[in-house]
Amino acid sequence: MSSDIMASGLSATPLKKIHLVRIAHVYYKHKNIDAAKKFAEDFGFAQTAEVGKKTYYRGYGTEPFVICLEASNEDEFGGAAFVVESMEDLMQAAKTLPSECKATEIYDLSDAPGGGKCVTFHDPVDGFPFHLVYGQTPVEARSVDFPIVRFNFPNEKNRGANEFQRFKKRPAPVHKLGHFGMCVTDFAKCYDFYTKYFNFFPSELVHNDEGVNKTVFFRLNRGNDLVDHHCFFFFEGPKMHVHHSSFETHDFDTQVLGHDWLRHQGYKNCWGVGRHVMGSQIFDYWFDPSGFILEHYVDGDLLDMREPTHNTKAAPDNLHVWGPEVPATFLQ
C-alpha cells in the first residue's frame with residue numbers, strides 16, 4: 001500500500017463495494033442555453049427530449065441519453081452518472097455512503113429518457129454531484145450511415161479498382177460518453193473514497209517529483225470483461241472544477257470532419273487533434289460557449305483485470321505522442 005494512500009486514512013476493513021457497470025451520462029447547466037444547444041448539435045449529439053428547463057441528447061448507441069443541458073442562472077457542472085449492477089447496489093449507496101456524501105433516497109427518473117431509478121450523492125471532499133442509476137430502458141441504436149473505409153497501405157491494397165474514399169461534411173456523430181475528469185483539492189482523500197466504496201481500479205497513477213501520486217485514471221473492475229482504459233479521472237489542484245467530458249465517435253476521418261465542422265462554425269479549439277499515451281485515444285478537445293471542455297475521441301484502449309496499474313512520473317510528454325503542444329491552461 002503506497003504511503004500517500006495510507007496517509008489518507010484508507011481503512012483496511014473489507015467493505016462490500018458498490019458495483020458500477022459503465023458510465024452513462026453527464027449534466028451541465030448553462031446561462032446561455034440557446035448557445036449551448038447549438039453547440040450540442042454541432043458537436044454531434046442528437047436531441048431526444050425537452051422537459052421543462054432540461055434538454056436531453058443521445059448518441060447513436062443504446063444509451064437513452066448521454067448528456068443533459070439545463071437552463072440556469074449559472075454555468076455549472078451537474079455531475080456524471082454511472083449505471084450500477086443491481087437494485088441492491090442502489091440501495092447500498094443510499095444507506096451506506098458516508099454522511100458527508102448527503103446521499104439521497106432512491107428516486108424515479110420520471111422525466112428523463114429511459115426512466116429508471118437514481119441515487120445522487122456528493123463528493124465527500126469537494127461536494128460535486130455524482131449520480132448512480134439503475135433500470136433505464138435502452139434505446140435502439142441509430143443508423144448513422146458511416147462509409148466503409150478501406151486503407152491502401154504501401155504493401156497492402158484494400159480498395160478495389162475504381163473504388164474511392166468519399167466523405168460527407170458534417171458534425172462528428174457521438175456514440176457514447178466515455179469518461180469525465182475532475183480537479184480535486186485532496187487527491188489522497190478522493191482516492192481513498194472512490195476505491196473503498198466502488199469498483200474503480202487505477203489503470204494509471206501519476207506521481208510528482210517527490211513520488212506522491214497526484215493523478216489517477218480509473219477503469220472499472222469488471223473481471224474478465226473488457227472495459228475502457230478509463231471512465232473517470234482526477235488530479236489535485238487548488239480549486240475544484242470539472243476538467244472535461246469525453247465522447248466517443250466512429251473513426252479518425254469522422255473525428256477530423258467533426259473538427260473541421262466545429263472550426264468552421266467559429267468555436268474555440270482547446271487542444272487537438274493528437275494521440276494520447278495513457279489510453280492511446282486520438283483526442284480533440286473543444287470549448288463550448290460556456291467555457292466547458294468537451295472531447296471527441298476514437299481508438300481507445302480496452303483492458304481487463306489481467307492488466308496491472310501503471311505508475312508514471314508527471315511530464316508533458318506523457319500526455320501525447322503526437323499533435324500540438326499541450327496548452328498551458330490544459331493542466332490547470
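When reading the values below, keep in mind they use all heavy atoms of this one structure, side chains included, and skip hydrogens, waters and symmetry mates.
- Between His243 and His241, the ring planes lie tilted relative to each other; the angle falls in the 30° to 60° range.
- Using a 4.0 Å cut-off between a side-chain N of Lys or Arg and a carboxylate O of Asp or Glu, Glu50 and Lys37 qualify as a salt bridge.
- At distances below 3.5 Å, not a single donor-acceptor pair connects side-chain atoms of Glu295 with backbone N or O atoms of His244.
- In summary, the side chains of Ser290 and Tyr28 do not present any donor paired with an acceptor at a separation below 3.5 Å, with no hydrogens or angles considered.
- Asn32 and Asp75 form no side-chain donor-acceptor contact under 3.5 Å, judged by distance and modelled atom types alone.
- Here the NE2 atom belonging to His19 is positioned 8.0 Å from the CZ atom belonging to Arg222, to the nearest 0.5 angstrom.
- Phe252 places none of its side-chain heavy atoms less than 4.5 Å from the side chain of Val149.
- Taking the six-membered ring for Trp and thresholds of 30 and 60 degrees, Phe45 and Phe247 have ring planes more than 60 degrees apart, a perpendicular arrangement.
- Ion pairing between Lys117 and Asp108 holds under the 4.0 Å rule for side-chain N and carboxylate O.
- Other residues, nucleotides and ligands contribute more than 12 heavy atoms inside 6.0 Å of the CG atom of Asn158.
- Note on ring orientation: taking the six-membered ring where Trp is involved, the planes of Phe121 and Phe130 are parallel (angle under 30°, cut-offs 30° and 60°).
- Of the charged side-chain nitrogens involved, at least one lies within less than 4.0 Å of a carboxylate oxygen, so that Glu63 and Arg22 count as a salt-bridged pair.
- Remark: aromatic rings of Trp286 and His259 are close, center separation under 6.0 Å.
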Report task. Quick one: do His131 and Tyr27 satisfy ring-ring contact (aromatic ring centres under 6.0 Å, His included)? Show the steps, please. Result -> CA-CA 10 Å; His131 313 280; Tyr27 296 88; 4.9 Å; yes
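- Electrostatic pairing of Glu105 and Lys95 counts as a salt bridge here, judged by a charged N lying under 4.0 Å from a carboxylate O.
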Kindly determine whether Val206 and Lys214 satisfy side chain to side chain contact (heavy atoms under 4.5 Å, CB included), including the steps that lead there.
CA-CA 6 Å; Val206 184; Lys214 294 296 182 181; over 6 Å; no
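- We find the OG-CD1 distance between Ser86 and Ile18 to be 10.0 Å, quoted to the nearest 0.5 Å.
- Test Thr249, Asp228, Thr62 against Lys176 for side chain to side chain donor-acceptor pair (under 3.5 Å) and you get one pass: Asp228.
- For Asn221 (side chain) and Asn199 (main-chain N/O), no donor-acceptor pair under 3.5 Å exists by modelled atom type.
- Note that OG1 of Thr254 and NE2 of His175 are 12.5 Å apart. Values are rounded to the nearest 0.5 Å.
- Going from atom CZ of Arg142 over to atom CG of Asp145 covers 11.5 Å, rounded to the nearest 0.5 Å.
- Ion pairing between Arg263 and Asp260 holds under the 4.0 Å rule for side-chain N and carboxylate O.
- Judged purely by atom type and a 3.5 angstrom limit, Gln281 has no side-chain atom pairing as donor or acceptor with the backbone of His296.
- Side-chain atoms of Arg219 come within 3.5 Å of backbone N or O of Asp304 as a donor-acceptor pair.
- With rounding to the nearest 0.5 angstrom, the CG atom of Asp42 is 12.0 Å from the CG atom of Asp288.
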Take Leu90 and Met87, measure what side chain to side chain contact (heavy atoms under 4.5 Å, CB included) needs, and give me the verdict at the end. CA-CA 5 Å; Leu90 211 57; Met87 192 66 180; 4.1 Å; yes
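- Ring to ring, Phe292 and His30 are close: their centroids are under 6.0 angstrom apart.
- In the hydrophobic clustering of ILVMFWY residues, with side-chain heavy atoms under 4.5 Å counting as a link, Leu20 and Tyr134 come out together.
- Residue Phe65 holds its CZ atom at 6.5 Å from CG of Leu109, rounded to the nearest 0.5 Å.
- Using bins of under 30°, 30° to 60° and over 60° for the plane-to-plane angle, the ring pair Phe82/Phe200 lands in the perpendicular bin.
- If you chain together hydrophobic residues whose side chains sit under 4.5 Å apart, Val133 and Ile106 never meet in one group.
- Using bins of under 30°, 30° to 60° and over 60° for the plane-to-plane angle, the ring pair His276/Tyr285 lands in the perpendicular bin.
- A salt bridge does not link Glu163 to Lys157: none of the charged nitrogens lies less than 4.0 Å from a carboxylate oxygen.
- Residues Phe330 and Trp271 bring their aromatic ring centres within 6.0 Å.
- Taking the six-membered ring for Trp and the full ring otherwise, Phe180 and Phe232 have centroids separated by under 6.0 Å.
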Practice problem: Could you check Phe201 against Thr309 for side chain to side chain contact (heavy atoms under 4.5 Å, CB included), going step by step and ending with a plain yes or no? | Solution: CA-CA 8 Å; Phe201 181 86; Thr309 300; 3.4 Å; yes
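- Under a 4.0 Å N-O distance rule, the pair Glu70/Lys53 does not qualify as a salt bridge.
- Within the 3.5 Å criterion, the main-chain N or O of Arg150 finds a donor-acceptor partner in the side chain of Arg159.
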query = Going through the checks in order, is the side chain to side chain contact (heavy atoms under 4.5 Å, CB included) test met by Val26 and Leu177?
reply = CA-CA 8 Å; Val26 284; Leu177 172 63; 3.7 Å; yes
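- Criterion: ILVMFWY side-chain heavy atoms under 4.5 Å apart, direct or through other members. Under it, Phe287 and Phe77 are not part of a common hydrophobic cluster.
- A donor-acceptor contact shorter than 3.5 Å is absent between the side chain of Lys102 and the backbone of Thr120.
- His207 places a side-chain N or O within donor-acceptor distance of the main-chain N or O of Thr312, the cut-off being under 3.5 Å.
- A centroid separation of 6.0 Å or more is found between the aromatic rings of Tyr60 and His250.
- The residue from Phe217, Phe193, Phe218, Phe128 that alone fulfils the ring pair (Phe, Tyr, Trp, His ring centres under 6.0 Å) condition with Phe234 is Phe218.
- Using modelled atom types, no side-chain atom of Ser246 and backbone atom of Gly178 make a donor-acceptor pair closer than 3.5 Å.
- The backbone N or O of Val298 sits nowhere less than 3.5 Å from a side-chain atom of Asp251 that would complete a donor-acceptor pair.
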